[in-house]
Amino acid sequence: MSRLTRILSVATVASIALAGQAFAHAHLKSSVPADKAAVASPSELDLTFTEELNLKFSGVTVTGPDKKGVKLGEGMLMDGDKVLMVPVSDKLAPGSYTVDWHVLSTDGHKTEGNFTFTVKP
Ligand SMILES: [Cu+2]
């Protein structure tokens, strides 16, 4: 690759990345449990996104008190592929939990984020 070609391709990638940000990616619209909510031990997590998701490249991890990972079931998509539903296998002990999510939307963009909830005693 010549130097000029390389500069051009870097510029192209950069402009595509910037253009991508201007358009809709899959952003987390709402969740159950909601961000910062205090709830009873949930049997599932529902994450509603603004775009349709590609399940194969989307998932969540949940970290509980003492940084322990929470056992989750197989995620599935619902409601026009915009809702990622993940079963929670175990009953959760009271405490604070962090949900880290990463998704690939069908427009090919990856997004990630996190939210927290508390399980009431
Ligand atoms: Cu996008």
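Order of appearance sets the numbers: ligands from 1, and atoms from 1 within every ligand. Positions are given from 1, in the same order as the sequence printed here.
- Taking the Cu ion (ligand 1) as reference, H109 places its N/O/S atom ND1 nearest.
- Checked against a 6.0 Å centroid threshold, the rings of F115 and W101 do not count as neighbours.
- Although no hydrogens or angles enter the test, the distance criterion places no donor-acceptor pair under 3.5 Å between the side chain of D81 and the main chain of E52.
- Classified by interplanar angle (parallel below 30°, tilted 30° to 60°, perpendicular above 60°), the ring pair Y97/F117 is parallel.
- Closest approach between the Cu ion (ligand 1) and any N/O/S atom of H25 involves ND1.
- Exactly one of D100, V70, L72 qualifies for a side chain to side chain contact (heavy atoms under 4.5 Å, CB included) with V60. That residue is L72.
- Closest approach between the Cu ion (ligand 1) and any N/O/S atom of D107 involves OD2.
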